[in-house]
Amino acid sequence: MQDIAVLLTDPAAWAALITLVVMEVVLGIDNLIFISILSNKLPPEKRSGVRRIGISLALVMRLVLLSTIAWIVTLTAPVFEVMGNAFSWKDMILIAGGLFLVWKATKEIHHSVDPAHSDDLLEKDKATDVVITNAGSAIFQIILIDLVFSIDSILTAVGMTEHLPIMVVAVLVAIAVMLLAADPLGDFIDKNPTVVMLALGFLLMIGMVLIAEGFGAHVPKGYIYAAMAFSALVEGLNMWSRRAQARKAAARDGGH
């Protein structure tokens, strides 16, 4: 309790908290995009529940990992070497998670551009327009990616501060933001098909970054999120342009 009181009066601790909150929220966006895309494959009445389950699982995983920080730090220790390159458990988890994201995003893109019938449990049947109702499969995939993003999130927190209360507060704030943004983001993605393709492109990029970092190639996160923000801005302008054209066409037809 005394340690917390000291932290509350320490400007450096507040600066670390604000910085870490921003980082955790940004990392949480990646997690949320995946959850939104996956939950949108389910019937509308199940989507919100699955999103909340996925985000709650992310919170539980992060808090459990925070309680085992001493073990988490050991994940960065080399386990084996291949051609002079050392690999730790963290590297292997990032590579596996990156490969999963690349596979999932590629499959979703394929089903988006290929009108052929698909038997995938989480795919919309293009011929009958029926949504498969396997929420369990969606939650299982969310758990897998939650684990990857949770480990990345906690290791980021450990690298930025040594104070556990600051880490816990940052994680709780980030999860709260994810909960507030889950339904609006999911509904927005569902109503704008072109945004789905953009979000899948983001997942592909994030997957490749995870794989690169697993192999020891550090990619500055600022570049990644700047590219994502620029792409989102361009798509926003495209949506604005399409709506303006639709209004003009409606006004022209109404005039006749």
In Å, rounded to the nearest 0.5 Å, how long is the span from [atom1] of [X] to [atom2] of [Y]?
X      : Y      : atom1 : atom2 : answer
Leu63  : Ser150 : CG    : OG    : 9.5 Å
Met205 : Ser231 : CE    : OG    : 6.5 Å
Asp91  : Leu210 : CG    : CG    : 11.5 Å
Lys104 : Leu99  : NZ    : CG    : 15.5 Å
Met61  : Ile154 : CE    : CD1   : 12.0 Å
Arg62  : Leu66  : CZ    : CG    : 9.5 Å

Does the side chain of [Y] come within less than 4.5 Å of [X]'s, by heavy atoms?
X      : Y      : answer
Val21  : Val177 : no
Leu38  : Ile145 : no
Ile55  : Leu32  : yes
Ile142 : Ile53  : no
Val195 : Glu235 : yes
Phe149 : Leu101 : yes
Ile35  : Asp146 : yes
Val79  : Met92  : yes

* Parallel, tilted or perpendicular: rings of Phe87 and Phe215 (30°, 60°) ->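 Ring orientation of Phe215 relative to Phe87: perpendicular.
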
Which heavy atom in [X] sits nearest to a heavy atom in [Y], and how many Å separate them?
X      : Y      : result
Val64  : Ser67  : O-OG, 2.5 Å
Val102 : Leu204 : O-CD2, 3.8 Å
Val148 : Gly97  : CG2-CA, 3.6 Å
Ala182 : Ser36  : O-OG, 4.1 Å
Trp103 : Gln141 : CZ3-OE1, 4.4 Å
Ala105 : Leu203 : CB-CB, 4.0 Å

Joint hydrophobic cluster, [X] plus [Y], side-chain heavy atoms closer than 4.5 Å:
X      : Y      : value
Val168 : Val60  : no
Leu180 : Val171 : no
Ile189 : Val234 : no

* For Met197, does the CE atom sit with more than 12 other heavy atoms under 6.0 Å from it, leaving out its own atoms? ->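 Buried by this count: over 12 neighbours within 6.0 Å.
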
* **Heavy atoms from other residues, nucleotides or ligands near CZ of Phe80 exceed 12 (cutoff 6.0 Å)** =>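 Yes, because the 6.0 Å sphere around CZ of Phe80 holds more than 12 heavy atoms from other groups.
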
* Hey, is the main chain of Leu237 close enough, under 3.5 Å, to the side chain of Ser241 for a donor-acceptor pair? ->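 Not a single qualifying donor-acceptor pair exists.
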
* Asked: For the side chain of Asn31 and the backbone of Gly28, is there at least one donor-acceptor N/O pair under 3.5 Å apart?
  ->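 No; zero donor-acceptor contacts below 3.5 Å.
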
* Arg52/Asp183 salt bridge by N-O under 4.0 Å criterion ->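 Salt bridge flag = yes for Arg52 with Asp183.
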
* Could you go through the side-chain contact (heavy atoms from CB on, under 4.5 Å) check for Met228 and Ile33 one step at a time? => CA-CA 12 Å; Met228 290 172 64; Ile33 289 174; 4.2 Å; yes

* Asked: For Leu59 and Leu172, what are the C-alpha separation, side-chain angles and deciding distance, and is it a side-chain contact (heavy atoms from CB on, under 4.5 Å)?
  -> CA-CA 7 Å; Leu59 172 61; Leu172 291 175; 3.7 Å; yes

* Report the C-alpha separation of Arg51 and Asn40 in whole Å, then their side-chain angles, then the decisive distance to 0.1 Å, and conclude whether the side-chain contact (heavy atoms from CB on, under 4.5 Å) test is met. => CA-CA 9 Å; Arg51 288 171 196 150; Asn40 283 348; 2.7 Å; yes

